[in-house]
Amino acid sequence: MSWGNPSVSTCIFPMHLSFCSCCLFLALFKMATSTVDGITAALRQVSLGISQTDKRESRENVIKVVKDVIQETQSRNGFNGFKPELECVGSFYDNLKVKEADEFDYALVFKFDKEHFKVEGSQSGMSKVFAKLKLKTSTAASQYSQWLDSNEYLDPQKFFDSFYGTVDKTLSKNHDRFGNVTMRRNSPCVTLTVKMEGGKQADVDLAPAIAGYGWPFAASSHWKESSRIMKELDEHKSRSVWHFTTKPCDANQGDIPDVQRKRFWRISVSPLEKRFWDKVDADGGCRKDVLRLLKKMREKEGGNWKNLQTYALKNLMMEHSDKFGQGFWKKENLGNCFLEMLEKLQKSLDKKDIRAYFYRDRNILHSLRDELACNISSRIAKIVKEFNKCSTNNIQKYFDM
């Protein structure tokens with residue numbers, strides 16, 4: 001257990017200890033505190049994030065192309081008369097990127113009349129993160145006919161195929177205008193590769209989605225009551241804070257026929273997560289820095305660590321954001337916070353279990369191979385030993401790219 005853990009008693013002079021024992025205890029405490037302070041100082045020297053100039057230039061180039069593609073598509077009635085809204089999601093817009101500004105994520109959100117569809121929850125053996133959309137009124141069928149299956153369920157694959165085909169047609173018919181853009185199928189996204197001046201290029205994931213409103217369908221509502229950050233969110237604004245996405249339902253989800261499995265949409269809470277990370281350090285904390293450090297260490301380590309998704313690290317941090325309390329996450333406690341979260345990550349890998357913050361029945365690490373989880377966990381144990389030597393060079397080498 002790292003020093004400063006909220007679960008550690010704040011009483012450093014147990015009454016039953018002798019004077020000599022108390023002196024020894026105090027010396028050890030000072031030594032441990034000095035080590036953590038040294039680690040904090042070393043971590044502050046690690047370069048995190050991306051230069052503001054690089055961020056601005058890349059963002060401006062990318063967003064112009066994306067908006068132009070959407071506008072051109074809409075001008076040809078390419079979205080079947082709907083006018084989807086562009087939402088910025090992912091690590092770049094969460095301000096959590098630690099490498100180049102070369103990857104961007106957007107959701108293109110269709111706002112269907114919620115009275116037209118009934119949301120049906122997942123079946124036995126499935127995570128609650130999956131749901132179906134059933135047409136409620138036949139009078140509205142003509143608006144959605146190209147996306148409905150024979151039983152009038154909104155089909156996520158048809159929806160994605162239609163979206164992909166529409167964007168592909170826009171690019172192919174306007175080659176002079178979009179000659180610097182290529183695209184590929186990367187379900188549930190269309191990935192646009194945008195070539196920019198100076199030889200730079202960026203990958204843009206554009207995901208079609210359907211807006212959801214209120215608290216996310218079937219989400220673990222206890223977080224809504226217990227989280228300081230959740231209490232600050234105004235979920236009743238007209239802007240959607242969660243989506244239905246076309247990401248396919250995993251084959252290990254429930255014992256159901258494929259024809260039924262294909263009807264399930266996956267719920268994404270990316271907009272809600274973005275609000276979480278926008279507010280997470282409003283108390284002057286260092287949670288974002290800890291997550292950036294974990295991501296940068298993963299990038300530096302490479303190899304097996306590449307199997308450790310950013311999504312897993314984000315949800316691990318979100319889970320412990322409130323558990324440890326405001327006092328623990330102070331910026332001057334960065335070293336201890338980072339060591340504590342390394343320990344939490346190691347224990348999670350040992351159990352191969354990190355739960356999604358909003359859907360507690362979903363284990364993000366379920367598909368990570370046992371040997372990979374074991375290898376990363378063992379590596380973390382060695383890294384912690386190196387950190388406790390408190391040499392700046394020993395610490396920096398785990399982050400220098």
Side-chain angles (χ1 to χ4, degrees), residues 1-8 31-49 91 96 98 277 280-281 285-325 327-355 357 363-365 368 370-401:
M1 184 69 70
S2 58
W3 288 87
N5 186 304
S7 63
V8 176
M31 186 182 302
T33 302
S34 175
T35 298
V36 172
D37 288 346
I39 293 172
T40 295
L43 291 177
R44 283 177 177 162
Q45 295 182 38
V46 176
S47 176
L48 297 175
S91 290
L96 294 171
V98 296
W277 287 105
V280 72
D281 286 326
C286 63
R287 300 167 186 84
K288 275 191 174 182
D289 283 343
V290 171
L291 179 54
R292 291 190 192 103
L293 286 165
L294 289 172
K295 289 183 65 178
K296 193 147 192 177
M297 178 176 282
R298 179 194 63 185
E299 298 301 322
K300 172 65 175 178
E301 290 291 312
N304 292 334
W305 287 60
K306 291 181 180 179
N307 295 278
L308 197 55
Q309 302 172 27
T310 295
Y311 189 65
L313 298 177
K314 286 173 70 174
N315 278 268
L316 183 70
M317 287 294 303
M318 290 165 77
E319 179 178 349
H320 290 90
S321 174
D322 284 338
K323 281 186 177 180
F324 285 173
F328 177 71
W329 291 107
K330 291 181 179 178
K331 287 189 178 295
E332 57 267 30
N333 200 31
L334 177 63
N336 190 56
C337 293
F338 183 69
L339 287 177
E340 185 66 39
M341 291 313 300
L342 268 183
E343 179 184 316
K344 295 298 182 188
L345 177 58
Q346 183 182 6
K347 289 182 177 179
S348 296
L349 287 164
D350 289 340
K351 296 184 293 184
K352 218 178 75 168
D353 194 338
I354 292 178
R355 295 287 156 170
Y357 185 77
N363 177 13
I364 301 169
L365 297 185
L368 184 66
D370 291 347
E371 61 270 26
L372 293 181
C374 182
N375 288 341
I376 300 172
S377 174
S378 298
R379 178 63 175 158
I380 290 174
K382 293 178 181 178
I383 290 172
V384 171
K385 288 182 180 179
E386 286 291 311
F387 267 55
N388 285 322
K389 294 177 182 177
C390 200
S391 162
T392 300
N393 289 336
N394 281 343
I395 292 174
Q396 286 278 345
K397 70 182 181 182
Y398 292 107
F399 303 98
D400 289 341
M401 304 293 285

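Just so you know, residue 1 is the first one in the sequence shown, and it goes up from there. This structure is a prediction, so every number in the text was calculated from the model and none was measured.
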Tell me if a side-chain donor or acceptor on [X] pairs with a main-chain N or O of [Y] at a distance below 3.5 Å.
{"X": "S321", "Y": "M317", "result": "no"}
{"X": "K295", "Y": "L96", "result": "yes"}
{"X": "N388", "Y": "K385", "result": "no"}
{"X": "K300", "Y": "D400", "result": "yes"}
{"X": "N304", "Y": "L372", "result": "no"}
{"X": "N333", "Y": "W329", "result": "no"}

Not counting sequence neighbours, which residues clear side chain to side chain contact (heavy atoms under 4.5 Å, CB included) with [X]? List them please.
{"X": "D350", "answer": "Q346, S377"}
{"X": "R355", "answer": "D353, R360, N363"}
{"X": "T40", "answer": "V36, R44, L334"}

Starting at [atom1] of [X], measure out to [atom2] of [Y] and round the result to the nearest 0.5 Å.
{"X": "I380", "Y": "F387", "atom1": "CD1", "atom2": "CZ", "value": "11.0 Å"}
{"X": "W277", "Y": "R287", "atom1": "CH2", "atom2": "CZ", "value": "8.5 Å"}
{"X": "S348", "Y": "L368", "atom1": "OG", "atom2": "CG", "value": "11.5 Å"}

With sequence neighbours excluded, what pairs up with K352 under the salt bridge (Lys or Arg N to Asp or Glu O under 4.0 Å) test? D370

Name all residues meeting the salt bridge (Lys or Arg N to Asp or Glu O under 4.0 Å) criterion together with R292; count only those two or more places apart in sequence or in a different chain, and write none if there are none. D289

Residues, nucleotides or ligands: over 12 heavy atoms within 6.0 Å of K331 NZ: yes

So, using side chain to side chain donor-acceptor pair (under 3.5 Å) as the criterion, who are the partners of K288 when residues are at least two apart? none

Excluding sequence neighbours, so at least two apart, what forms side chain to side chain donor-acceptor pair (under 3.5 Å) with T310? R298

With heavy-atom distances below 4.5 Å as the criterion, would you say the side chains of [X] and [Y] are in contact?
{"X": "K344", "Y": "F324", "answer": "yes"}
{"X": "F338", "Y": "I39", "answer": "no"}
{"X": "K314", "Y": "Y357", "answer": "no"}
{"X": "L345", "Y": "L313", "answer": "yes"}
{"X": "M297", "Y": "L342", "answer": "yes"}
{"X": "F399", "Y": "L43", "answer": "yes"}

Under the side-chain hydrogen bond (donor to acceptor under 3.5 Å, both in side chains) test against E301, which residue among K296, K306, R379 passes? R379

Do E386 and K382 meet the salt-bridge criterion of a basic N to acidic O distance under 4.0 Å? no

Which one of I354, I364, L365 satisfies the side-chain contact (heavy atoms from CB on, under 4.5 Å) criterion with Q309? I364

